[in-house]
Amino acid sequence: MDVSHILDPLNDAQRLAVAADAGNLLVLAGAGSGKTRVLIHRIAWYIETNQARPNSILSVTFTNKAAGEMRGRLEQLLGYSAGAMWVGTFHGISHRLLRAHWKEANLVQNFQIMDSDDQYRMIRRLLRAMALDESKWPPREVQWFINGQKDEGLRPKDISSDDDFHLEQMVHVYRAYEEQCARSGLVDFAELLLRAYELFRDNEHLRRHYQDRFRHVLVDEFQDTNTIQYRWLKLLNGHEGNMFVVGDDDQSIYSWRGAQIENMQRFQDEFRDTELVRLEQNYRSTATILAAANALIANNSGRIGKELWTDGEEGELIPIYTAYNEQEEARFIIENVMDWHREGHRFDEAAVLYRTSAQSRVFEDHLRRNNVPYRVHGGFRFYERAEVKDALAYLRLSAFRSDDTAFERIINTPTRGIGNRSVEAVRAKARENNISLWQAMTDILENKLLTGRALNAFQNFINLIDSMTLDIENTEELHEVLDAIIKRSGLIAHYKKDTSGKAEDRIENLEELVTAAQEFEAPPTDDDEPRMDPMSEFLAHAALEAGEGQADIYEDSIQLMTLHAAKGLEYPLVFLTGMEEGLFPHQRSKDDIRQLEEERRLCYVGMTRAMKKLILTHAEVRRLYGQETYPQVSRFIREIPRELISSVRFGNPESSSSSDEYFDEEPHKQGLGLGQRVSHNTFGQGVILNLEGSGSHTRVQVNFEEVGTKWLVAAYADLQMV
DNA sequence: TCCCGTTCGCACCGT
DNA sequence: GCGAACGGGA
C-alpha cells in the first residue's frame with residue numbers, strides 16, 4: 001500500500017515517530033510542533049500498513065474538543081469514517097466501559113453522572129446532615145479532598161488517619177459520601193476513572209479482553225495525566241503493549257488538579273523499551289518569540305529538555321509596555337488592536353491573555369466603551385446553567401426516582417409550598433431508614449407524618465413527576481419528552497418572574513435544550529456493547545460535555561481568555577498582560593519552587609501561543625481587591641534575554657527606550673534614603689523605612705504620622721524632602 | 001417565601 | 001471592589 005501521503009508531509013522527527021516500529025514510544029512534542037498531526041498520521045500509518053485494524057486502536061485525550069478534532073482530522077486523512085475506533089476522553093472511555101460492565105463494576109445499570117456542582121451540593125447536604133460546622137469543614141475543601149484521594153486511587157479504607165482528627169473526619173465524610181452516591185445511583189467524574197481502573201485491576205478476564213483488543217493505545221497531553229489515569233493505562237498496556245504517548249513536560253499546567261508531570265519520566269522508566277522522539281521544530285512562532293520562550297523555560301529544573309527552533313523568519317522584538325495602571329494597560333492594548341485592525345487584520349487574530357479571570361473586567365469595560373467586538377472564553381457553560389440543570393433534573397427524577405441530587409434540586413423549584421421544614425423531615429426519614437428521598441417522601445405521605453398542607457404539596461409533586469414518567473413512556477422522541485416536561489414543570493413561568501433581566505436568556509436556554517436534544521446524536525458503539533436508551537445517552541452527554549460558553553462565536557472579535565484556557569490555541573497577535581510579581585507569578589505560588597515552576601510553564605505556554613507578534617504588558621499601579629498595589633515587574637520579564645525585547649513606556653509610546661531598565665540592579669535612589677523625612681500631598685509627613693526596586697520602579701515604604709505605613713512608587717508619589 | 005442587608009474571601013476550571 | 005451566600009425579618 002502506498003503510504004507516501006502519510007509520510008511525505010512530515011519532517012524527519014515527525015516521520016521517525018509516525019513510522020517507528022511497534023513498541024512504547026514517548027513523543028516529546030514542543031508547542032507548535034505538530035503533535036496532533038503526528039498522532040493522526042500514526043493511526044493512519046497503523047491502518048494503511050495493515051499493522052492494525054481500526055477496532056484495535058484506542059486514542060485518549062483530555063477534552064471533548066481534542067477528541068472531536070482528532071476524529072475529524074483522522075476521517076479527513078483516511079477518507080472514511082473511523083467509527084470502529086475508540087477515540088475519546090479518559091472520562092468518556094471510562095464511562096463507556098462502565099456502561100458495558102456495570103455489573104462487574106458494582107454499579108446500578110442506570111447510574112447517572114454528577115457534575116462538580118451536583119457533587120458540591122451533595123457534599124454540603126451531607127455535612128449538614130452530619131452536623132459538621134461548615135466553617136471548619138468547608139464543602140469546597142471536602143470536595144477537593146475527596147476528588148484528590150480518588151485521583152490518587154485511594155478509597156476511604158486505604159487512608160490511615162494516624163490519630164489526625166481532621167483527616168479522620170475527612171475520611172468519615174468521604175465514606176458517607178460514597179454511601180450516598182451508591183444509594184442514589186450517582187457517579188462523579190473522578191469516580192468514573194477510579195471505577196474503570198478498579199474494573200481492570202479486579203477483573204482479570206475483562207483486563208485480558210481489553211488488553212487483547214486494544215493493541216495500539218495512543219495518548220495525547222500525557223503530561224496532564226494523574227495517578228489513576230497513569231495506572232489505568234499501565235493495566236491496559238499489559239506486558240507487550242504498544243503505547244504511543246505524546247506530551248510536553250514544559251506545558252504541564254494542571255498539577256493543581258492532580259496532573260503528575262513525573263508521569264513523563266515514569267513512563268520511560270516503567271514501560272518496556274521506551275523510545276523517545278523529540279519534536280522541536282516549531283511551525284508557529286517567529287525565531288525571536290521562540291528564543292525568548294526557550295530562555296524563560298531554561299530556568300526550570302528537572303526538565304526532560306528540548307529547544308524549539310524554526311526555519312521561519314526572525315520576527316520583531318518583543319515590546320514590553322509599562323502602563324501606569326490597569327486602565328491604561330487596557331487602553332494601550334485596545335489601541336494596538338485597533339491599529340492592527342486598520343492594517344487589514346481581523347480582530348479574532350488577536351488574543352488578550354491574563355492570569356486570573358477577574359482581570360478580564362477592565363478589558364471588557366474598555367472594549368465595550370470603544371465598541372470593539374470581543375469574546376471571553378470560559379465562564380458558564382450551557383449544561384451548567386441553573387435553568388438547564390433544573391429541566392434535566394425533572395427528566396432524571398422522572399426516569400430514576402432514587403436520584404437524590406435531582407430530587408433536592410427541584411423539590412421546591414418552582415416553589416410549590418414544600419418549605420425547608422418539610423424537606424428536612426424527608427431528609428431525616430431518608431437518613432433514618434437508609435432510603436432515597438423520594439421513598440422517604442412517599443413513606444411520610446402514606447403514614448401522614450406531616451400536616452395536611454405539606455402532605456397535599458407532596459401528593460401534587462408526586463402526581464407531577466408520575467405524569468412526566470408517563471410522558472417518557474408514551475413519547476417517541478426525546479426532544480418531545482423534554483418539551484413536555486419543561487412545559488409541565490412550570491419552569492418557564494418561574495423564570496419569567498426573574499427580574500434581574502435574565503428572564504429572556506433563561507427561557508431561550510430552555511428552548512435551546514429541546515433543540516439540543518433534537519440534534520443530539522448518540523456516539524458510536526460496538527456491536528457487542530449494549531446500547532443505552534436515548535435519554536440516558538443524552539444525560540451522560542450533558543454531564544460529560546458541558547457545551548460552549550458563549551453563543552456568538554462567529555462574529556469577528558478580540559479573544560479574551562486566561563492563560564490556562566489558551567493552551568493548545570494560537571494567534572498572530574498575543575498580549576500577555578499583568579506581568580507583575582504577585583499576579584503572575586501569582587502570590588500563592590511565589591514561595592514554593594514547584595508551584596513557581598508551574599507558573600513559569602504557564603508563561604511559556606502563553607508566549608508560545610503567539611505566531612507573529614507578542615507583546616507583554618504590566619502596570620505600575622494596580623487595583624486588586626479594591627486596594628491599590630504597587631507591584632514589581634514580573635521575574636519572567638527579567639528572564640527574557642534583553643536583546644529580544646524593546647520597552648515602551650506610557651506617555652510616550654513612540655519613543656522606545658532601552659530595555660535596560662528591567663535589568664538594572666542598581667537602584668536609583670533619587671535622593672531618597674532610609675530615615676529621610678518626606679512630605680506627601682495627601683498623607684502628610686513621614687519617614688522612609690524601606691526602599692525597593694530601581695529607576696522608575698523604585699518603591700518606598702514611608703511611615704506617615706497621620707495614616708501609618710504605606711508603600712508608594714517614588715515616581716508618582718511626588719515626595720518632597722523635609 | 002422572598003427580599004435584602006451583611007459578610008466573607010478572593011488563581012488556574014476539563015471531565 | 002465585587003459577587004456569592006447566608007441569615008434575619010416582614
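Lettering follows sequence order; numbering is per chain, from 1.
For the pairing with A:R601, the side-chain contact (heavy atoms from CB on, under 4.5 Å) check across A:I297, A:D249, A:L563 returns one residue only, A:I297. Under the side-chain contact (heavy atoms from CB on, under 4.5 Å) rule, A:F222 has a single partner from A:N263, A:V60, A:D248, which is A:N263.
In the set B:dA11, C:dC6, B:dC13, the nucleotide with an atom closest to the side chain of A:R124 is C:dC6. Out of C:dG1, B:dC13, B:dT15, the shortest distance to the side chain of A:R257 is found at B:dC13. Nearest nucleotide to the A:R381 side chain, out of C:dG1, B:dT1, B:dT15: B:dT15.
Rounded to whole Å, the P atom of C:dA5 lies 15 Å from the corresponding atom of B:dC12.
Judged by distance alone with a 3.5 Å cut-off, no donor-acceptor contact links the side chain of A:T63 to the base of B:dT15.
Residues of residues 352-368 of chain A having a heavy atom closer than 4.0 Å to DNA chain B, listed by number: A:R355, A:T356, A:S357.
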Watson-Crick and G-U pairing of DNA chain B, under 3.5 Å, as dot-bracket with | and [ ]: ||||||||||.....
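Nucleotides of DNA chain B nearest to A:A546 and A:N412 differ in position, and the one nearer the 5' end is that of A:N412. Along DNA chain B, the nucleotide closest to A:H586 and the one closest to A:E545 are compared, and the more 5′ of them pairs with A:H586.
Within 4.0 Å (heavy atoms only), A:F62 reaches sugar-phosphate atoms of the nucleic acid but no base atom.
Between A:Y210 and A:F214, the ring-plane angle classifies as parallel under the 30° and 60° cut-offs.
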